[in-house]
Amino acid sequence: MIRVQAEPFDPGAEIAAFTDTSGRVGAVATFLGLVRDHQGAPGEDPARVQARIQTMTLEHYPGMTERQLRTLEDEARARWPALADVLVIHRHGRMAPGEPIVLVCAASAHRAAALDACAFLIDWLKTRAPFWKREDTAEGGRWVEARDSDDAAAARWTRPESD
Amino acid sequence: MIRVQAEPFDPGAEIAAFTDTSGRVGAVATFLGLVRDHQGAPGEDPARVQARIQTMTLEHYPGMTERQLRTLEDEARARWPALADVLVIHRHGRMAPGEPIVLVCAASAHRAAALDACAFLIDWLKTRAPFWKREDTAEGGRWVEARDSDDAAAARWTRPESD
Amino acid sequence: MRVLYFAWVRDRVGTGEETVEPPQDVATVADLMAWLAGRGPGHAAAFADPGRVRCALDQDYATADAPLGTAREVAFFPPVTGG
Amino acid sequence: MRVLYFAWVRDRVGTGEETVEPPQDVATVADLMAWLAGRGPGHAAAFADPGRVRCALDQDYATADAPLGTAREVAFFPPVTGG
C-alpha cells in the first residue's frame, strides 16, 4: 500500500499494524527516514548547519508522486514474488528535526525478500519519487541538492533484463 | 545494545524507543523475525506442517549467546563507523506462531550504514548465535535443520581483510 | 499545454503553473526548455543550465530528447531529493 | 572438563551437562568426540556423524582439528538455527 500525506505518522504504531501475526509471515524489514538537523550543503560544517535549520519543507508533485510510488510497489512485487505485503508512507509539507518523513515496510515468509525489497524501495524512491526538500533557516529557504550517492544506490538494482 | 530474554516484546514500542528523534539520526533500519506456522522440513508441504505446529521452542546456550551477540554488535560498529546505535533483542523459550523472535535495529545519519548493518546483523546472527529451534507438534518435538541459504547469506559479508 | 514548475525551478520562473502554446517547431523537451527560456528573465534563469532540470510528460519521466508528442501536462523540476 | 550438549545432541546423549576426564592423548575436538562416543549408546548416537556436530571451546566456535588446549568448558550442538 502507498500513502502520501501531510499529517505526521507514528512509526511504531504503523509497523505494529503492518505486522501480520497470523503465522504466515516470518520476516518484516522496515526503513524509517527522519528529518535531520544537519542536512546542509555537501562539505558544509554540520555544526554550522545545525545552528541554522529550523524546519524542513517537502514539496511534491501531487498525482505523479502517487503514480511513481505505485509503480515502485508493483516493481518490488514483480521482482520478489515471495513478498507478502508492502507499505510506503511518505509525508509532504513542513516538518521539524526528528520527525518521520518516510516509512518503508516489506514482509515475507523468509528474510531475503523482505530485506532486499525494503532496500530496493527506499533506494528507488530516493531517485524516482518527485519530492524536493527545502531547509528553512533564519536566513530563508535553501533547496537541498540531489546526491550522486543516491543515483549510485539506485543503480545497483538495475537489471539488464529490465530497465 | 544486546538483549536475550524469554519474555515477549512489543516490536512497535521497541522501535519507537530505539528511534532517536533529536535530529541527529536520519535513518533507522529494522528487521523483525516472527514464528511461522509452517517451518517444516525442506520440501515438506506447508499445509501439512501448518496443521501440525502448535508452538516453537528456542533453546540457547546461556553465556555464549550474549558473548556472540556482543561480538556481532562490535563487528557491525567496526564495519560501519557511521552507525549511531544498534539494538538486538532475541528471545528463547516457547512461542506461538506470529510471536516475535528477534528484532534487529540499526540507526545512522544516512541510510546506507543503517540498511547494510541491519542485514549484516541478521545474516550473521543466523549462523553465529547459538540458538536452536524446535517445532512442537501433537506428535512431539522436531529440531529444525540449518539452511544452506543462511550460510550463503552470511558468506556475502566475509571480507578478505578480516575473517 | 499545461506546464508545471517545482522547487527552485518554480521559484525562478515565479509561478507554479502556466498554460502555453508553443509553435509547431517545438518538438522535443529540449526545444520546449529553450522556447520557455525566452519568455522572460525568470524563465531564462530557470533554464539557464538545462542539464540541471528534469522533465515529466504526463507524469512520467522524460529525457531532453523525448518528443513532446501529445503530452497535455509537462513538468520541470530539479533532480528529486525525497525519502 | 565440563561438557555441555544442546538440542538433538543433548536429546541423544541424554543429559545437558557432564564432567569428564579424558586421557592425555585426547588432544583435539575430533579426538574428544571420538572418545565421548565410546561412553555409551546415547553418546554413540550423538556423535555417529561428527560432521553434523558443531563445537565451542570456552564459548568460542572451534573446528574439529582445534586443540582442546586449556579449555574448561566444551560444548557440542547442531548447526545453529536462531533468528
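None of the values given here were measured: they were computed from a predicted structure. First the proteins, then the strands, lettered A, B, ... as listed; each starts at 1.
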Is any side-chain heavy atom of B/D150 less than 4.5 Å from a side-chain heavy atom of A/H110? no
Where on [X] is there a heavy atom nearer than 4.5 Å to chain A: the side chain, the backbone, both, or neither?
| X | result |
| --- | --- |
| B/A17 | neither |
| B/S22 | backbone |
| B/D20 | backbone |
| B/A13 | neither |

May I ask you to name which of B/A16, B/G12, B/G23 has the most heavy-atom pairs under 4.5 Å with chain A? B/G23
Is a donor on one side and an acceptor on the other found under 3.5 Å between the side chain of A/R36 and the backbone of B/A109? yes
How far does CG of A/L115 sit from CZ of B/F120, to the nearest 0.5 angstrom? 13.5 Å
A/T19 OG1 to B/L32 CG distance, which is reported to the nearest 0.5 Å: 5.5 Å
Check the pair B/I122 / A/R111 against side chain to side chain contact (heavy atoms under 4.5 Å, CB included), numbers first and verdict last. CA-CA 9 Å; B/I122 188 63; A/R111 77 185 181 289; 3.8 Å; yes
Quick one: which of A/I101, A/I15, A/V25, A/D10 has the most heavy-atom pairs under 4.5 Å with chain B, could you say? A/V25
Let's test your reading of the structure: which of A/C118, A/A112, A/A29 forms the most heavy-atom pairs below 4.5 Å with chain B? A/A29
